[in-house]
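Structure first, commentary second.
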Protein chains: 2
Amino acid sequence: MISQRAKYALRALSMLARSNAGTPVQIPDIAEEQKIPKKFLEQIMLDLKRAGLVESRRGKQGGYLLQRPASEITYGEVLRLIDGPIAPLPCLSITAYKRCEDCRGESDCELRHVFARVADETRAVLFSTSLADAIAMPSNTCEPVERRSND
Amino acid sequence: MISQRAKYALRALSMLARSNAGTPVQIPDIAEEQKIPKKFLEQIMLDLKRAGLVESRRGKQGGYLLQRPASEITYGEVLRLIDGPIAPLPCLSITAYKRCEDCRGESDCELRHVFARVADETRAVLFSTSLADAIAMPSNTCEPVERRSND
DNA sequence: ACGTTATCTATTGATTTTGTAGATTTTATG
DNA sequence: CATAAAATCTACAAAATCAATAGATAACGT
């Protein structure tokens with residue numbers, strides 16, 4: 001499960017992506033439309049700014065804008081920033097690699113082999129999907145949400 | 001990231017799967033070999049038992065055995081049992097579906113569309129990989145851990 | 001100068017995670 | 001039957017994480 005924070009971040013960024021006009025979007029507006037606690041959102045936007053995803057303008061007519069085109073900000077990038085490593089095991093993370101202390105031999109760790117595949121698939125989706133892609137999807141992809149027999 | 005608990009559970013089950021002989025494996029042995037806190041492991045094994053994954057024998061010569069063949073216990077099943085839903089969003093979980101209160105319209109929620117793909121891919125791997133599969137993998141799959149440019 | 005907006009720092013409460021501790025029950029075996 | 005070895009059960013606790021709140025400060029446009 002991704003964190004609430006990550007959901008908020010992605011939804012906020014989506015709003016910025018939609019409001020392309022070059023005019024900043026303000027926190028109170030995002031908070032209201034997306035039902036996000038205002039002060040909480042402030043912190044999140046700050047994180048996004050420090051990471052270089054958005055830029056801010058202060059004072060009247062201020063607010064936030066994407067720093068890059070929406071097509072060049074991926075879900076993976078955002079998710080990693082907010083929730084940390086994408087990989088399901090520390091020893092599979094690229095940005096925060098850490099050996100599992102209790103695990104002898106990564107090359108014959110079964111867990112690692114299995115979850116390496118999960119990590120690969122997950123990254124393939126998340127880093128190939130940009131904010132722009134996501135916005136373009138819904139209308140097209142509307143087959144009645146195909147469900148397999150598993151979670 | 002999967003929980004420590006889940007790692008322990010999977011490693012313990014792996015030991016049971018390997019020790020096929022029909023002779024029970026005991027908690028102290030698992031705990032020592034896998035470096036798992038013994039009392040913590042006890043709780044985990046109880047969960048696995050209650051869920052019908054393993055059976056137990058008490059008293060001397062007691063211990064735990066798989067209740068089904070190792071080829072019929074999947075990583076997905078174990079992970080869901082221990083860590084909860086596989087899906088990254090409550091509204092994508094099959095076993096614990098929950099509407100996102102702050103989200104209007106699931107069919108046009110961008111987050112949902114993107115993470116639905118993640119969920120599908122993840123489940124495809126986890127539910128198609130059994131304990132037996134995982135044990136069989138390591139020796140074969142030993143190309144020097146292919147890494148993409150992303151986490 | 002004024003109000004509006006982002007920025008910063010600190011703190012709180014709830015929940016989850018990761019364990020510990022100790023008493024109890026069951027069972028094989030001598 | 002007595003004993004020791006094993007699982008079982010219940011409760012608790014420390015630490016970390018998450019979600020959110022509070023209040024003061026700095027920058028900017030008009």
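Throughout, a chain's letter reflects where its sequence line sits, starting with A, and its residues are numbered from 1.
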Yes or no on salt bridge (charged side-chain N to carboxylate O under 4.0 Å, His left out) for Arg50(B) and Asp47(B), after CA distance, side-chain angles and deciding distance?
CA-CA 5 Å; Arg50(B) 295 198 189 101; Asp47(B) 285 344; 3.5 Å; yes
State, yes or no, whether a side-chain contact exists between Pro24(A) and Gln61(A) at a heavy-atom distance under 4.5 Å.
no
Quick test of your reading of the model: are Lys7(B) and Asp102(A) salt-bridged, counting only N-O distances below 4.0 Å?
no
Taking CD1 from Ile36(B) and P from dT18(C), how many angstroms apart are they, rounded to a whole number?
13 Å
Of residues 24-35 of chain A, the positions that come close to DNA chain D - non-hydrogen atoms, cut-off under 4.0 Å:
none
Contact under 4.0 Å: Tyr8(B) side-chain N or O vs dG19(C) OP1/OP2:
yes
Counting heavy atoms not belonging to Glu55(B), are there more than 12 under 6.0 Å from its CD?
yes
How long is the line joining CG of Asp47(A) and P of dC18(D), in whole Å?
13 Å
A side-chain contact here means heavy atoms from C-beta on lying under 4.5 Å apart; do Leu126(A) and Thr74(A) qualify?
no
Starting at CD of Gln4(A) and ending at P of dG13(C), how long is that distance when rounded to a whole Å?
21 Å
Does the side chain of Arg50(A) get closer than 4.0 angstrom to OP1 or OP2 of dC8(C) through an N or O atom?
yes
Figure out the CG/P separation between Leu46(B) and dA6(D), and round it to whole Å.
16 Å
Can you give one letter per nucleotide of nucleotides 23-30 of chain C, going 5' to 3': B for a protein heavy atom under 4.0 Å from the base, S for sugar-phosphate only, - for none?
B-BBBSS-
Heavy-atom side-chain proximity of Tyr97(B) to Leu92(B) below 4.5 angstrom
no
Rounded to the nearest angstrom, tell me the gap between atom CG in Leu65(B) and atom C1' in dA6(D).
13 Å
Hey, is the side chain of Lys49(A) poking within less than 4.0 Å of OP1 or OP2 on dA6(C), counting only N and O atoms?
no
When every non-hydrogen atom of Asp83(B) is compared with those of Ala6(B), the smallest separation belongs to OD2-CB, 3.5 Å
Begin from the C-alpha positions of Lys35(B) and Glu101(A) and carry the test side chain to side chain contact (heavy atoms under 4.5 Å, CB included) through to its verdict.
CA-CA 10 Å; Lys35(B) 296 176 192 160; Glu101(A) 333 69 37; over 6 Å; no
Close side-chain approach of Tyr75(A) to Leu111(B), heavy-atom, < 4.5 Å
yes
Without decimals, in angstroms, what is the distance between Asp83(A) CG and dA16(D) C1'?
15 Å
Met1(A) CE to dT15(C) C1', straight-line distance once rounded to whole Å
15 Å
Side chain of Ser56(B) (C-beta onward), nearest among dA11(D), dA7(D), dT21(D)
dA7(D)
Take atom CD of Gln43(B) and atom C1' of dT17(C), then tell me their distance rounded to the nearest Å.
11 Å
